[in-house]
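Read through the structure below, which is laid out as C-alpha cells, and then see the notes.
Note that the structure is predicted; figures quoted are calculated from it, not measured. In the text below, chain A, chain B and the rest are named by the order of the sequence lines, each starting its count at 1.
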Amino acid sequence: MQRKAFTFEFEAVPPYCFDLTVHKPAGWWWSTPNEVFQKRVLWTTVRVDSCLYGLRLRAAESSRKRQIVSCTVYSDKKLSGLEKDSLASNVERALGVKEDINEFYLIGRRDKILQHTIDDLWGMRTVAWPELFPALILAVTLQMAPMKRSNQMMDLLIANFGDNVHFGGKTIAHWPSADRIAELGVNELEGKAKLGYRAKSLISIARALRDGFPTADELLRMSPNEAKKQLMTLHGIGDYSAELIMPGMGFPLDVWSAKIFGLLFLGEEPQDPRDAIPELKKMAIERWGKWRGHAFVYVLNDLPMISKGFGVDLTNF
DNA sequence: GCGTCCAGGTCTACC
DNA sequence: GGTAGACCTGGACGC
C-alpha cells in the first residue's frame with residue numbers, strides 16, 4: 001500500500017480544462033486504461049525512472065483567470081529531490097499545462113471544421129503520454145486489428161505482466177515495464193497476451209528501451225523530424241505509430257481516421273482509405289500547418305457534434 | 001458448425 | 001525506390 005508522499009501544483013496557461021484533458025470524450029485514458037475518473041478527480045498511476053507512483057489529480061482552481069491543477073503523489077518510499085523533480089516534469093508535460101494553444105484557437109475560429117469544435121472542447125489539451133513504453137504498446141496493438149482485439153491484447157498484457165498499485169483506498173493496474181517485457185520469450189508473450197506477430201516487435205522495442213533508447217523527455221528536446229526518425233528505428237514502429245506516439249508531431253492517419261477526414265475534406269469517403277492517406281496528410285498540412293496534430297485530436301474527440309453540423313454520421317466507422 | 005474474409009500497419013523480398 | 005505479399009487472432013458473415 002502506497003502512502004501519501006507530497007503534493008505539488010501546476011498553474012496552466014489559459015484556456016485550460018482539466019476534466020477534458022485527462023478524461024477525453026472519445027474515451028482514451030490519460031495514463032492507464034484502468035485509471036478512475038470520478039467526481040472530477042483522476043486516480044491514476046505512472047512509472048517514472050522504474051518507480052511506480054499513485055496519483056490523485058484534480059483542478060484545485062478553475063476560474064477564468066487562474067487554472068491550477070493539484071497532484072497528490074502516493075509512494076511506498078521516501079523520494080529524493082531529484083526523483084520529485086523528474087516525476088513533476090513528466091506529469092506537467094503530460095497535463096500540457098505549459099502549452100499555449102491560443103494560436104490554434106485563432107486558426108480554428110476561421111476554419112469550417114474546427115470552429116464549433118474548439119467551443120465544444122474549450123481548454124482541452126491533446127495527448128501527451130506520461131510514459132513512452134505504454135504509448136509504444138498502444139501503437140503496436142492498434143496495428144492491423146479492430147479496437148475490440150486491440151483492447152483484448154492490452155488488457156491481457158496488463159493482467160499478465162502489469163503491476164497493481166494500491167493507494168488511497170484504490171487498486172489501479174498499471175502497464176508492464178519495458179524491463180519486464182524485455183525478459184520474456186516470444187512464445188510466452190504470444191501465448192499469454194495473444195499478440196500474434198506483434199510479440200516479436202514488442203520484445204524488440206522493450207529491449208531497445210532497456211538498453212538506452214531516448215526517453216520521452218529526450219525525444220521532445222529533438223526536432224520533430226529527428227524524434228520521428230528515432231522512433232522509426234524501433235522494429236514495428238512505422239510512420240503512423242511514430243506520429244501517434246509523439247503528440248504534435250504530425251497527423252497520424254490510419255484507415256479509420258482516413259475515412260473520417262476524407263469525408264470532412266472531400267465530402268466523400270475515400271474508395272481506398274489506405275491509398276488516400278498521403279494526400280489527406282498533405283491537405284491537413286496545407287490547412288492547419290503545425291497545428292494539424294491538435295486539429296486531429298479535437299476532431300476525433302468531437303465526432304457526434306461534427307456529425308450534426310455536417311449532416312453525416314462520422315461515429316459509425 | 002464450418003470456412004472465408006478482413007481489420008485503426010509494418011517489414012521484407014523482389015523487381 | 002517502389003510495391004506485392006505475408007503476418008496472429010478472433011469476430012462477422014454466409015452457407
Side-chain angles (χ1 to χ4, degrees), chain A residues 24-29 33 126-127 129 133-161 181 184-209 213 227-247 249-265 269-282 284 292-293 295-304 306-307 312-317:
Chain A
K24 292 196 163 48
W28 294 106
W29 53 87
T126 57
V127 181
W129 310 108
F133 189 52
L136 288 157
I137 292 176
L138 173 68
V140 168
T141 53
L142 280 178
Q143 292 167 11
M144 205 59 196
M147 267 317 294
K148 207 170 175 179
R149 170 130 169 72
S150 300
N151 285 330
Q152 178 198 41
M153 290 186 268
M154 288 187 273
D155 288 346
L156 286 170
L157 271 168
I158 291 174
N160 285 291
F161 308 107
I181 300 299
L184 298 175
V186 173
N187 289 343
E188 185 174 9
L189 198 54
E190 267 179 359
K192 289 187 177 170
K194 296 190 188 296
L195 286 184
Y197 70 91
R198 302 170 194 82
K200 270 185 200 159
S201 298
L202 201 59
I203 289 175
S204 163
I205 289 168
R207 289 179 181 164
L209 263 61
F213 189 81
K228 185 173 172 181
K229 221 166 113 185
Q230 279 286 337
L231 283 166
M232 287 177 67
T233 63
L234 296 170
H235 187 267
I237 298 300
D239 189 77
Y240 159 78
S241 297
E243 293 193 357
L244 182 78
I245 291 158
M246 295 301 292
M249 180 174 281
F251 201 69
L253 280 178
D254 48 28
V255 165
W256 167 71
S257 49
K259 291 177 189 169
I260 291 166
F261 283 96
L263 263 166
L264 291 174
F265 287 165
E269 196 180 323
Q271 279 198 332
D272 187 334
R274 206 178 289 283
D275 284 351
I277 287 173
E279 188 57 26
L280 291 169
K281 280 188 165 199
K282 215 171 127 191
R292 62 193 183 281
F296 183 84
V297 176
Y298 266 67
V299 166
L300 297 185
N301 276 282
D302 201 31
L303 291 179
I306 296 176
S307 295
V312 288
D313 186 7
L314 300 169
T315 63
N316 218 6
F317 290 116

Expressed as a whole number of Å, how far does the [atom1] atom of [N] sit from that of [M]?
{"N": "C/dA6", "M": "B/dA7", "atom1": "C1'", "value": "15 Å"}
{"N": "B/dC2", "M": "C/dC8", "atom1": "P", "value": "25 Å"}
{"N": "C/dG5", "M": "B/dC6", "atom1": "C1'", "value": "15 Å"}

**Request:** Record whether the side chain of A/R149 comes under 3.5 Å of the base of C/dC8 through a donor-acceptor pair of N or O atoms.
**Result:** yes
**Request:** Assess whether one donor atom and one acceptor atom, taken from the side chain of A/R274 and the base of B/dG9, lie less than 3.5 Å apart.
**Result:** yes
Rounded to whole Å, how long is the line connecting atom [atom1] of [X] with atom [atom2] of [N]?
{"X": "A/D272", "N": "C/dA4", "atom1": "CG", "atom2": "C1'", "result": "14 Å"}
{"X": "A/I277", "N": "B/dA7", "atom1": "CD1", "atom2": "P", "result": "12 Å"}
{"X": "A/W256", "N": "B/dG9", "atom1": "CH2", "atom2": "P", "result": "11 Å"}
{"X": "A/M232", "N": "B/dC11", "atom1": "CE", "atom2": "P", "result": "7 Å"}
{"X": "A/H235", "N": "B/dG9", "atom1": "NE2", "atom2": "P", "result": "17 Å"}
{"X": "A/Q152", "N": "B/dG8", "atom1": "CD", "atom2": "P", "result": "15 Å"}
{"X": "A/D239", "N": "C/dT3", "atom1": "CG", "atom2": "P", "result": "16 Å"}
{"X": "A/I245", "N": "B/dG9", "atom1": "CD1", "atom2": "P", "result": "14 Å"}

**Item:** First of A/L300 and A/I237 reached from the 5' end of DNA chain B, by closest nucleotide
**Value:** A/L300
**Prompt:** Got A/K228 and A/M246 here, is their nearest side-chain heavy-atom distance under 4.5 Å?
**Reply:** no
**Asked** So do the side chains of A/F213 and A/Q230 get within less than 4.5 Å of each other, counting heavy atoms only?
**Response** yes
**Under 3.5 Å on both distances, the Watson-Crick or G-U partner of C/dC8** =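 Across any shown strand, C/dC8 pairs with none.
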Taking the side chain of [X] as heavy atoms from C-beta outward, which of [options] is closest to it?
{"X": "A/Q143", "options": "C/dG11, B/dT10, B/dT12", "result": "B/dT10"}
{"X": "A/Y197", "options": "B/dC11, B/dG9, B/dG8", "result": "B/dG9"}
{"X": "A/M144", "options": "C/dC8, B/dC11, B/dT10", "result": "C/dC8"}
{"X": "A/Y240", "options": "B/dC11, B/dA7, B/dT10", "result": "B/dT10"}
{"X": "A/K194", "options": "C/dC8, C/dG10, B/dG9", "result": "C/dG10"}

Within the 4.0 Å heavy-atom criterion, would you say [X] contacts the bases, only the backbone, or no part of the nucleic acid?
{"X": "A/S150", "value": "nothing"}
{"X": "A/L138", "value": "nothing"}
{"X": "A/L253", "value": "nothing"}

**Request:** May I ask you to decide whether A/E243 forms a salt bridge with A/K281, counting only side-chain N to carboxylate O separations under 4.0 Å?
**Result:** yes
**Prompt:** Taking 4.0 angstrom as the limit, do A/D254 and A/R274 come out as a salt bridge?
**Reply:** no
**Prompt:** A/I306 pairs by side chain to side chain contact (heavy atoms under 4.5 Å, CB included) with which of A/T315, A/N301, A/L314?
**Reply:** A/L314
**Request:** Verify the contact: side-chain N or O of A/S241 to OP1 or OP2 of B/dT10, cut-off strictly under 4.0 Å; return yes or no.
**Result:**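 Yes.
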**Request:** Could you check whether the rings of A/F296 and A/F261 sit parallel, tilted or perpendicular, using 30° and 60° as the cut-offs?
**Result:**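 Answer is parallel, since the angle falls under 30°.
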